[in-house]
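Let me begin by presenting the structure, written as structure tokens, before commenting on it.
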Number of protein chains: 2
Amino acid sequence: MNGKNPKIQDVAAVAGVSTATVSRALSNPDMVSQKTRDLVLDAVQKTGYRVNRAAKSLRKRQSDAILALLPDLGNPFFSQILSGIESVFTTSDLSLLVSDTKGIRQDSILDYFMDMRADGMIILDGAVPRALLSQLQDSPFGQRIVFACEWKPEFKFPSVRSDNFGGAIQAVEHLYALGHRKIGHISGPRNNVLTKERLRGVEAAMTNLNLLFNRDFFIDGGAFSLDAGAQAARSFMEMDDRPTAITCGSDLIAMGFISEITRRGLKVPEDISVVGFDDIEIAGSFIPSLTTIRQNRTQLGVLAASYLLDQIAGRVHPPAKQVQEIDVKLIPRQSTAQLAHA
Amino acid sequence: MNGKNPKIQDVAAVAGVSTATVSRALSNPDMVSQKTRDLVLDAVQKTGYRVNRAAKSLRKRQSDAILALLPDLGNPFFSQILSGIESVFTTSDLSLLVSDTKGIRQDSILDYFMDMRADGMIILDGAVPRALLSQLQDSPFGQRIVFACEWKPEFKFPSVRSDNFGGAIQAVEHLYALGHRKIGHISGPRNNVLTKERLRGVEAAMTNLNLLFNRDFFIDGGAFSLDAGAQAARSFMEMDDRPTAITCGSDLIAMGFISEITRRGLKVPEDISVVGFDDIEIAGSFIPSLTTIRQNRTQLGVLAASYLLDQIAGRVHPPAKQVQEIDVKLIPRQSTAQLAHA
DNA sequence: CAGTTTTATGTAATCGATTGCACAAACGTT
DNA sequence: AACGTTTGTGCAATCGATTACATAAAACTG
């Protein structure tokens, strides 16, 4: 109050107890008697005391902060996940740090642990270099990492993700049910796990349905972006024999694709049905509104954050829950339609 | 290396100097001789030393972290700004904390300063309660706050923002140049500064151009969302006399609006021209692609972050630069067209 | 060359909380 | 009543860096 920030000493003085007691009253309430607890809480009120996080961190050797590592902060796809993460940490009095893997030296990620800036990490970037992950895995911090959304198959970090494989299957089955037999796919970034899983799902579904498996119907988008979709549209236009329906690695790809082929005179869904993946906010308002696979991104963030919290607190999960897959669901809209009779 | 994290003592031992010297060699390199500096840097290499942030913070009474306060982390609009902010802080070795104003008790914002979690704050939410801001302004932390994007006119915190007023004028002038005379507007959330500025711009432009100023052409959207736009579309459809062109408080409004009126049989731009605001990524791929006012969100983040850094370092800006307005620019696309002759 | 200033380094106090240990009071048990 | 537990509190060391102050060595000055 009077000039400086009050410290624990001041509270102790006001309450007429020792600093040890104040500390205990605040962080282990039932180590002190009811009477002193009230006394201390009262003194805290009076002084406006707030515990100094730096001092606390120093002594307890923990920072009460978690780092979320994103491949690209500017990518709106992640904001919703981040929101889920944040909601969990805020209620646990933890701070959420964010960083972008672009723009930082990769080895500086370990530094967050080394210099006590973060107690744990949620990695949303499947492209973190192997070398770093090995290093992390072998370090004492290995238990304080959770992957969310993307992951690295060759590492055993816990991971929370959507059922990408199943989602792709749903997309294909939906098109099949609408009568489509010539089904294509535009994939995301090469070497990305999501790309691979979704591709695997598409292939599995097609095999299951005894569909013609035409390599030419698969376009390598190279990214999850609008541009990738537009680019793919150009390849698409040049095909001699075109699929009547196409599944995409992401909503952005789907929209970029639709936008470009529309510009070139094709109509969705009349000429071709298109399914996206993600169900980003705009999907329902796109014209035509986009049939897509909905991922619950908030839940993904919440689960990852809760898991990490457990992990740090030493509450172990059964190995079976090491990988949590969240159900996805097809949302039928106007970008897909019954195949017109030839 | 050997088990525990090395501390400054270890480095001192290896280098054969005192801890004071190590500290100086690292944070004030030119306080020590070239020779010792090399010695220390070498020892740091050998030991793998990283300064413990908690200890440093405690002693220096600063956290080396900045808080970004968003109205809604889940809203993709902000991710790009955040990205700009992050890029600045990362290169300055500062950590970026993020928090959502929803879900936290408003008075706990002051706590970030009180308990030394953050050295400064970038507020992206114009709806932070007055009471809290007064409190902040009067506190010693008042100089460590910058508003970005949104702001509170009645407070004198520095602010970085887009030229919302000018943007709205450009939108109207663009429509005017295309022959439109009956121009409407769908506004964003009530009581929001951006809403007010953009509305003011629209009115100013119309007055300037001697346009018919019809209250009925102004629809209160109530939010910057897709839904608000769809809602507005329903009001629009019920009008007896409709404007031939409409400017929107945001791209999302514009898209929601277009989506809904398209569903109801109108055509954009044939029946009505629509201008958005923001130029979010999808705007160019929307169908029709959206004519809109581009805000440079990354730059906004970068400027706000740099300003705050200066502010904290005690580098004062001339009062004239207290408010920085970033130019915006109209991007003509396909959602606006020459007015068809009646 | 004696005296003064500058430069480089070390010693030890300090930041503010937490916690191991010691101890006194209160409670139980026979 | 005597002794063993349990409970509640205080003392003081501790976490790891920074920095005021002291001091020795080097550089300058006339």
Side-chain angles (χ1 to χ4, degrees), chain A residues 1 3-41 43-44 47-65 93 111 113-117 119 140, chain B residues 1 3-41 43-44 47-65 93 111 113-117 119 140:
Chain A
M1 283 283 156
K4 291 269 134 224
N5 274 10
K7 35 197 227 173
I8 201 171
Q9 309 257 16
D10 303 324
V11 179
V14 172
V17 298
S18 72
T19 61
T21 300
V22 174
S23 175
R24 288 191 272 251
L26 294 176
S27 45
N28 283 75
D30 34 41
M31 276 185 71
V32 304
S33 71
Q34 176 70 49
K35 210 179 55 179
T36 20
R37 200 181 318 152
D38 294 345
L39 228 48
V40 169
L41 260 36
V44 167
T47 53
Y49 171 74
R50 297 255 88 210
V51 44
N52 180 313
R53 303 299 268 254
K56 179 177 184 169
S57 289
L58 174 57
R59 180 61 224 238
K60 301 196 76 171
R61 299 153 152 288
Q62 68 177 33
S63 63
D64 289 336
D93 197 35
D111 289 350
F113 285 126
M114 293 283 293
D115 64 16
M116 296 263 334
R117 252 178 307 172
D119 294 337
Chain B
M1 281 282 156
K4 289 270 135 223
N5 274 10
K7 35 195 229 178
I8 201 170
Q9 309 257 16
D10 304 324
V11 179
V14 172
V17 298
S18 75
T19 61
T21 301
V22 174
S23 175
R24 288 191 274 250
L26 293 176
S27 44
N28 282 75
D30 33 40
M31 277 187 71
V32 303
S33 72
Q34 175 70 51
K35 209 180 57 181
T36 22
R37 201 184 316 154
D38 294 345
L39 227 50
V40 170
L41 259 37
V44 168
T47 52
Y49 171 75
R50 297 254 87 210
V51 44
N52 181 312
R53 303 299 269 253
K56 179 177 185 170
S57 289
L58 175 57
R59 180 59 224 237
K60 300 197 74 170
R61 297 151 155 291
Q62 67 176 36
S63 62
D64 289 335
D93 196 36
D111 289 350
F113 285 126
M114 293 282 293
D115 64 16
M116 297 263 333
R117 250 178 310 172
D119 294 336

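Heavy atoms of A:Arg37 sit nowhere under 4.0 angstrom from any nucleic acid atom. If you check every strand for non-hydrogen atoms under 4.0 Å, A:Thr36 touches sugar and phosphate atoms only.
We find that CG of A:Leu58 is positioned 17 Å from P of D:dA13, with the value rounded to whole Å. Remark: C1' of C:dC15 and CE of B:Met116 are 10 Å apart, rounded to the nearest angstrom. Taking atom CG on A:Asn52 and atom P on C:dC15, their separation rounds to 12 Å, with Å as the unit. If you take CZ of A:Arg59 and P of D:dC15, they are 7 Å apart, rounded to a whole angstrom. As rounded to whole Å, 12 Å separates atom P of D:dT18 from atom CG of A:Asp115. Remark: P of C:dT19 and CD1 of A:Ile8 are 11 Å apart, rounded to the nearest angstrom. Note: CG (B:Asp38) to P (C:dA8) measures 13 Å, nearest angstrom. We find that CZ of A:Arg50 is positioned 14 Å from C1' of C:dA17, with the value rounded to whole Å.
Rounding to the nearest 0.5 Å places CZ of A:Arg24 at 10.0 Å from OG1 of A:Thr36. A distance of 7.5 Å separates CZ in A:Arg50 from CZ in B:Arg117, rounded to the nearest 0.5 Å. Atom CG of B:Leu39 and atom OG1 of B:Thr21 lie 10.0 Å apart (nearest 0.5 Å). Distance check, rounded to the nearest 0.5 Å: CD of B:Gln9 to OG1 of B:Thr47 gives 12.5 Å. To the nearest 0.5 Å, atom CZ of residue A:Arg37 and atom CG of residue A:Asn28 are 11.0 Å apart.
Across A:Thr19 and A:Ala12, no two heavy atoms sit closer than the pair N-CB, 3.8 Å. Of all heavy-atom pairs between A:Met116 and A:Ser63, the closest is O-CB, 3.2 Å. The shortest non-hydrogen separation linking A:Tyr49 to A:Ile8 is CE1-N, 3.4 Å.
Between B:Arg53 and D:dG16, a side-chain N or O to OP1/OP2 separation shorter than 4.0 Å is absent. Between B:Lys7 and D:dG16 there is a side-chain polar atom (N or O) within less than 4.0 angstrom of OP1 or OP2. For A:Tyr49 and C:dA17, the shortest distance from a side-chain N or O to OP1 or OP2 is below 4.0 Å. Proximity of A:Arg61 to the phosphate of D:dG16: a side-chain N or O atom is located under 4.0 Å from OP1 or OP2.
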Could you list all N or O pairs between the protein and nucleotides 24-28 of chain C that sit under 3.5 Å apart?
none

- Message: Run A:Arg53 and A:Asp93 through salt bridge (charged side-chain N to carboxylate O under 4.0 Å, His left out) and show every step you take.
- Response: CA-CA 11 Å; A:Arg53 303 299 268 254; A:Asp93 197 35; 3.6 Å; yes
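Contacts between residues 21-33 of chain A and DNA chain C, counted as heavy-atom distances below 4.0 Å, involve A:Ser23, A:Arg24.
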